[in-house]
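Predicted model, so just to flag it, every value in this text is computed and none were measured. Each chain gets a letter, A, B and so on, in the order its sequence line appears, and its residues count up from 1.
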Amino acid sequence: MQTSAIHFALPVETPVGTFHARYSLAGLCGLDFPTKKTDKAEPPKAAEQVPGRVQHWHAKTSRALKESLAGKVPKSLPPLDLSAGSAFQQQVWAALLEIRFGQVRSYGEIAEALGKPKATRAVGTACGSNPVPVFVPCHRVLAAGGGLGGFSGGLDWKRRLLQLEGIALRESA
DNA sequence: TAACATTCCGCGC
DNA sequence: GCGCGGAATGTTA
């Protein structure tokens, strides 16, 4: 649903594995969790000709990601290029960015915030399309009542990220 | 047209 | 009162 633009893929090594960041000429446009299944070393196109600008962003991404994984709030993030999504998706992602550290919203809350309280399901779909997990806190979105909901990159990651923020799931005790 | 990372309402126990 | 099943609702591929 979109013409593919030129991207640059760079690895980000962290204590929990190697993430893969993708950049467009506008900013960070994608981030992938480390997968056990060996990353299929998809040859980054022109990884050698990475603009200095991108390398600079990558440095920020790397640092911000590590801070996030350490349970801290990133001091500064690289510019995010979310132009890949549809208008609705971008609205959702923007709403997610407003969620503060340690805060949680439900899919319904997000939908309501967009003025479409009935679009809860759509919000879920949009979150699933979120290209930049962690920075765009799709993990802070839970189902109504504190349910976990789902997560594209693996539910265990969602759990882990929530735990880092001290968010308790299902207050049951 | 079918599928989705949800919700809500109603009925049965 | 709690739990389960089914229908509704918006967006995307």
Side-chain angles (χ1 to χ4, degrees), chain A residues 1-7 9 12 14 16-24 26-37 39-40 42 45 61 64-65 67-69 71 73-74 77-78 80-173:
Chain A
M1 150 180 295
Q2 162 95 27
T3 353
S4 57
I6 296 179
H7 288 7
V12 181
T14 73
V16 294
T18 301
F19 285 65
H20 286 270
R22 287 176 300 180
Y23 302 85
S24 68
L28 179 66
C29 64
L31 184 63
D32 297 320
F33 285 101
T35 59
K36 295 179 181 179
K37 300 181 177 180
D39 11 291
K40 297 183 177 180
E42 53 178 75
K45 305 185 176 179
T61 298
L65 183 57
E67 291 185 302
S68 293
L69 294 176
V73 181
L77 297 175
L80 302 180
D81 177 14
L82 279 42
S83 64
S86 64
F88 184 76
Q89 293 179 322
Q90 288 185 49
Q91 287 184 67
V92 173
W93 299 336
L96 296 183
L97 289 172
E98 290 178 32
I99 304 176
R100 299 197 219 178
F101 184 91
Q103 295 288 302
V104 184
R105 300 290 294 273
S106 70
Y107 293 97
E109 290 282 8
I110 299 298
E112 194 176 339
L114 297 180
K116 306 192 176 189
K118 306 297 181 184
T120 59
R121 205 108 183 265
V123 169
T125 302
C127 287
S129 301
N130 171 22
V132 190
V134 185
F135 293 157
V136 175
C138 47
H139 58 279
R140 290 182 193 149
V141 185
L142 306 179
L148 229 198
F151 199 69
S152 294
L155 217 44
D156 43 319
W157 275 111
K158 186 169 185 176
R159 253 193 193 177
R160 192 174 304 185
L161 292 172
L162 289 173
Q163 218 166 32
L164 285 174
E165 302 190 8
I167 296 173
L169 297 173
R170 279 178 154 294
E171 180 61 62
S172 72

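Nearest to the side-chain atoms of A:S106 among the listed nucleotides B:dT7, C:dG10, C:dT12 stands B:dT7. Among B:dT7, C:dT12, C:dT11, the nucleotide with an atom closest to any side-chain atom of A:A122 is C:dT11.
Formation of a donor-acceptor pair under 3.5 Å by the A:R140 side chain with backbone atoms of A:I99 is found in this model. Judged by distance alone, the side chain of A:K158 and the main-chain N or O of A:L142 form no donor-acceptor pair under 3.5 Å. No donor-acceptor pair under 3.5 Å is formed between the side chain of A:E112 and the backbone N or O of A:P117. Side chain of A:W93 to backbone of A:S129: no donor-acceptor contact under 3.5 angstrom is found.
For the pair A:R105 CZ and B:dT6 P, the interatomic distance rounds to 18 Å; values are reported in whole Å. Rounded to an integer number of Å, the gap from NZ of A:K158 to C1' of B:dA5 is 6 Å. Straight-line distance from the CH2 atom of A:W93 to the C1' atom of B:dA5: 14 Å, rounded to whole Å. A:K116 places its NZ atom 15 Å from the P atom of C:dT9, with the value rounded to the nearest Å. The nearest whole Å value for the distance from the CG atom in A:L162 to the C1' atom in B:dA5 is 13 Å. When rounded to the nearest whole Å, the span between CZ of A:R121 and P of B:dT7 equals 10 Å. Atoms CG (A:L114) and C1' (C:dT11) sit 12 Å apart, rounded to a whole Å. Straight-line distance from the CD atom of A:Q91 to the C1' atom of C:dG10: 12 Å, rounded to whole Å.
Screening A:V136, A:L77, A:V92 for a side chain to side chain contact (heavy atoms under 4.5 Å, CB included) with A:L97, the sole residue that qualifies is A:V136.
In this structure, A:F151 reaches the bases: a heavy-atom distance under 4.0 Å links it to at least one base atom across the strands shown.
Contact annotation: A:K118 side-chain N/O to C:dT11 OP1/OP2 distance is not under 4.0 Å.
Shown here is A:Q90, whose CD atom has more than 12 heavy atoms of other residues, nucleotides or ligands within 6.0 Å.
Using a 4.5 Å cut-off on side-chain heavy atoms (C-beta onward), A:T61 and A:Y23 make contact.
C:dT9: no Watson-Crick or G-U partner with both key distances under 3.5 Å is found in any strand. Across all strands shown, nothing is found opposite B:dA5 as a Watson-Crick or G-U wobble partner with both distances under 3.5 Å.
Only A:T125, listed by number, bring a heavy atom of residues 125-143 of chain A to less than 4.0 angstrom from any atom of DNA chain C.
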